[in-house]
Amino acid sequence: MIHFEHVTYTYPDVTWPALRDVSLAIPAGAFALVMGTSGAGKSTLLRCLNGLVPHFSGGAIRGQITVAGLDPVVAGPPALSQVVGFVFQDPEAQFVMDRVEDEIAFALENAAIPPAEMHARVEEALEQLHLTPLRQRKLETLSGGEKQRVAIASALALRPRILALDEPTSQLDPQSAAELLDALVRLNETLGLTVVLVEHRLERILPFVDQVIYLPDDDAPVLSGAPRDVLPHVPLLPPLQALAQALGWSPLPLTLEEGRRFVTYRFSAQDMSTDFDGLRRKKSVSSVQSVDKNTPVLEVRDLEAAYGSTTALRGVDVALHPGEIVALLGRNGAGKTTLLKCLVGLLHPHRGDVWVEGRSIAKMDVADVCQRVGYLPQDPNALLFADTVLDELHITLHNHNIPVAAAPIAPETLLERLGLADKAQRYPRDLSVGERQRVALGAIMVTQPGALLLDEPTRGLDYRAKAQLLDLLRAWRAEGLAILLVTHDVELIAEAAGRVMVMEQGAIVAQGNPAEVLRASPTFTPQIAQLFPDSDWLTVGEALAGLDAGYLKLDTRC
């Protein structure tokens, strides 16, 4: 179905190829995962399938590509669009219409599908992606995850032979991601649809795929084959596979069910729970500078907000204190992003108030609030305007009337801390996803705010970039920063958060320490906690430490 033979591609005005001597084959009906570090060429490879590379991007390409018998370089995107349905990483980039139903019908109208068949296909796509209740909604009112599902439904409506998806679950909560993947599996199995997707959250995807394609970030050859053949040669794996490799489990388990076959155990649950509660308390406050932890940096009291007649927040109370990382999770559309917008004054509540450093923001300018509360939205590109990375930080200081010489932290020093010193004169949008995110972080952190709000900060990040982000957050927490993470990434929460809140239908319905809150809902339970349900472990490090301390005896077997 898909063949690459010694394909090398280089973007315009770039010396290093995005793809180097790539050879692989994806058979018809495969469910293939393309993985690799940020900047390894995953999205570029995907765009070769429908001719966007090189017809849209330009550049130089060598080698041979065949997709369903067509050469994308010769045939181009118009011909390939009939064969390959494509879903971009940013769903809004492909929207044309205003309403959900109209957006799904748009491509069908352009393809001159008869009205009766068009209606049936729209209904089918709405049902497959659980969008029927949203069919009349305006796209601008949808959450990020809901927009992603609309984009996928629009691609499916054309009934392509191949579906190519760039990080389709990156904005979805765990339950929505599972529903989406179940739908893709059904389409793959019942219709023989070939699915090729790029993902970084491998823990969600690995149980479903039958082929893994790994693009290295060096001159090493591309690896392609069955998951168990490829994964042992791949660095930075999900928690289950990372633990399995550390313990020498073979064959490598791909699902939690397979992992449990290796594990029988016995331990004192009371002793282990007590020890790890203490470990987390120590970890959450270690190295924190001397700050007044009794006074919240950011506080919300009885907050209510709405979009027109739709209530988005209902009586929300939140307090963020210096030197803590708090995670807020909930399903798509629960109101998480709405809360963040209220916290920085981008949206005015109908009732209640937001207090920053003891001062109500009701009469404060947004710029004044953002000098004290850093806000990184889901798409870091929204904060990037300048010609160079260093200029991004200078623009922030200029907008706040702060001379560079009087900046709370020198921009060059902050870039060095962010690992971007060698990128200071680069154009920000030419950088990888993880690097662009760190540039945006620099732009909001150069004023040294007392609180930091992050909306889906691991979207588009590989495990290495996520580890770098985690190190930054821990360092800033140690310096007294109050951090609020809005995320669906439960593995990040397990590693970073000292407190977790859950939002449903605009209200905070649960909060507490991570072990209690994450285990209370199977939807938000990390892999290690699912593998050892009677323990208090959430991360690979805690599991290995507990095993090493003798809390649990493993009897491994195939």
Side-chain angles (χ1 to χ4, degrees), residues 37-39 217 236 283-291 297 320 322-326 370-377 380-400 402-485 487 492 495-498:
T37 60
S38 296
D217 55 1
L236 301 172
K283 181 172 65 176
S284 67
V285 300
S286 61
S287 303
V288 175
Q289 290 182 352
S290 178
V291 293
V297 177
L320 297 180
E324 71 168 345
I325 299 177
V326 179
C370 289
Q371 185 174 346
R372 294 163 172 78
V373 180
Y375 172 42
L376 184 67
N381 292 324
L383 300 182
L384 304 180
F385 308 102
D387 292 331
T388 71
V389 168
L390 182 60
D391 285 344
E392 295 288 358
L393 279 62
H394 287 172
I395 286 175
T396 299
L397 294 172
H398 174 76
N399 290 341
H400 291 294
I402 300 174
V404 173
I409 180 172
E412 292 82 359
T413 301
L414 181 55
L415 288 181
E416 184 174 355
R417 187 170 185 184
L418 291 166
L420 296 170
D422 61 334
K423 307 290 193 303
Q425 299 304 320
R426 291 280 302 276
Y427 181 55
R429 292 175 182 266
D430 283 344
L431 302 179
S432 70
V433 173
E435 290 168 339
R436 291 199 302 270
Q437 186 204 60
R438 279 181 279 149
V439 174
L441 274 172
I444 63 177
M445 289 297 294
V446 71
T447 63
Q448 288 204 321
L452 177 62
L453 314 179
L454 303 175
D455 196 354
E456 288 296 341
T458 60
R459 176 190 173 196
L461 299 189
D462 59 58
Y463 288 105
R464 183 182 302 166
K466 188 162 73 170
Q468 292 171 340
L469 173 64
L470 186 60
D471 288 341
L472 277 172
L473 297 181
R474 286 170 172 165
W476 281 331
R477 176 190 61 193
E479 294 169 4
L481 191 66
I483 302 172
L484 177 61
L485 295 174
T487 183
L492 175 72
E495 293 280 0

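Here the structure is a predicted model, which is why all the values come from computation and not from measurement. Quick note: numbers below take in every heavy atom, side chains included, and nothing from hydrogens, waters or symmetry partners.
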*Asks:* Holding to side chain to side chain contact (heavy atoms under 4.5 Å, CB included), I want the full list of residues that pass it with Pro457, two or more places apart in sequence or in another chain.
*Replies:*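 Pro457: side chain to side chain contact (heavy atoms under 4.5 Å, CB included) contacts with Gln437, Leu454, Leu469, Leu485, Thr487, Leu492.
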
*Asks:* Please tell me if the side chains of Leu383 and Pro377 come closer than 4.5 Å, counting only heavy atoms from C-beta onward.
*Replies:*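 They are in contact (side-chain heavy atoms under 4.5 Å apart), so the answer is yes.
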
*Asks:* Does a side-chain heavy-atom distance below 4.5 Å link Gln468 with Arg438?
*Replies:* yes

*Asks:* Please enumerate all residues that pass side chain to side chain contact (heavy atoms under 4.5 Å, CB included) together with Ala410, with sequence neighbours excluded.
*Replies:*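 Per chain and number, Ala410 pairs via side chain to side chain contact (heavy atoms under 4.5 Å, CB included) with Glu412, Thr413.
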
*Asks:* Among residues two or more places apart or on two chains, list those pairs meeting salt bridge (charged side-chain N to carboxylate O under 4.0 Å, His left out) that have a residue in residues 419-433.
*Replies:*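 Those involving residues 419-433 are Lys423-Glu435.
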
*Asks:* Can you find a pair of side-chain heavy atoms, one from Leu431 and one from Val389, that are under 4.5 Å apart?
*Replies:* yes

*Asks:* Of the options Leu452, Ile444, Leu453, which is the one that meets Tyr375 in a side chain to side chain contact (heavy atoms under 4.5 Å, CB included)?
*Replies:* Leu453

*Asks:* For the residue pair Gly442 and Leu393, what are the closest heavy atoms and their distance?
*Replies:*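 Closest approach of Gly442 to Leu393, heavy atoms only: O-CG, 3.7 Å.
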
*Asks:* Any chance you could lay out the side-chain contact (heavy atoms from CB on, under 4.5 Å) test for Met445 and Leu418, step after step, and finish with the verdict?
*Replies:* CA-CA 11 Å; Met445 289 297 294; Leu418 291 166; over 6 Å; no

*Asks:* If you measure from CG on Leu414 to CG on Leu441, what distance do you get to the nearest 0.5 Å?
*Replies:*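 Leu414 CG to Leu441 CG: 9.0 Å, rounded to 0.5 Å.
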
*Asks:* Which pair of heavy atoms, one from Leu470 and one from Ala496, lies closest together, and at what distance?
*Replies:* CD1-CB, 3.4 Å

*Asks:* Please name all residues satisfying salt bridge (Lys or Arg N to Asp or Glu O under 4.0 Å) with Arg464, sequence neighbours left out, ordered by chain then number.
*Replies:*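 Once residues adjacent in sequence are excluded, the partners of Arg464 under the salt bridge (Lys or Arg N to Asp or Glu O under 4.0 Å) criterion are Asp217.
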
*Asks:* Nearest 0.5 Å, what's the CD1-CD1 distance between Ile325 and Ile483?
*Replies:* 4.5 Å

*Asks:* Please find the pair of heavy atoms, one from Leu320 and one from Ala482, that lie closest to each other, and give the distance.
*Replies:* CB-CB, 4.1 Å

*Asks:* Leu397 and Pro411: which non-hydrogen atoms are nearest, and at how many Å?
*Replies:*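 Leu397 and Pro411 have their closest heavy atoms at CD1-CG, 3.9 Å.
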
*Asks:* Tyr463: what forms a side chain to side chain donor-acceptor pair (under 3.5 Å) with it, not counting sequence neighbours?
*Replies:*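 In terms of side chain to side chain donor-acceptor pair (under 3.5 Å), with neighbours along the sequence ignored, Tyr463 is linked to Glu203.
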
*Asks:* Using modelled atom types and a 3.5 Å cut-off, is there a donor and acceptor pairing between side-chain atoms of Thr447 and backbone atoms of Gln371?
*Replies:* yes

*Asks:* Sequence neighbours excluded, which residues qualify as side chain to side chain contact (heavy atoms under 4.5 Å, CB included) partners of Asp471?
*Replies:*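 Per chain and number, Asp471 pairs via side chain to side chain contact (heavy atoms under 4.5 Å, CB included) with Arg474.
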
*Asks:* Residues in salt bridge (Lys or Arg N to Asp or Glu O under 4.0 Å) with Arg436, at least two apart?
*Replies:*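 If we apply the salt bridge (Lys or Arg N to Asp or Glu O under 4.0 Å) test to Arg436, skipping adjacent residues, there are no hits.
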
*Asks:* For residues 389-399, which residue pairs qualify under side chain to side chain donor-acceptor pair (under 3.5 Å), counting only residues two or more places apart or in two chains?
*Replies:*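 Qualifying pairs, neighbours excluded: Thr388-Asp391.
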
*Asks:* Are the side chains of Val373 and Pro449 in touch, meaning some heavy atoms are under 4.5 Å apart?
*Replies:*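 Val373 vs Pro449: side chains apart.
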
*Asks:* Does Arg417 have any salt bridge (Lys or Arg N to Asp or Glu O under 4.0 Å) partners at least two apart in sequence or in another chain, and if so, which?
*Replies:* Glu479

*Asks:* Grab the two heavy atoms, one from Leu376 and one from Pro380, that are nearest each other, plus how far apart they are.
*Replies:*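 In this case the closest contact between Leu376 and Pro380 is CD1-CB, 4.2 Å.
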
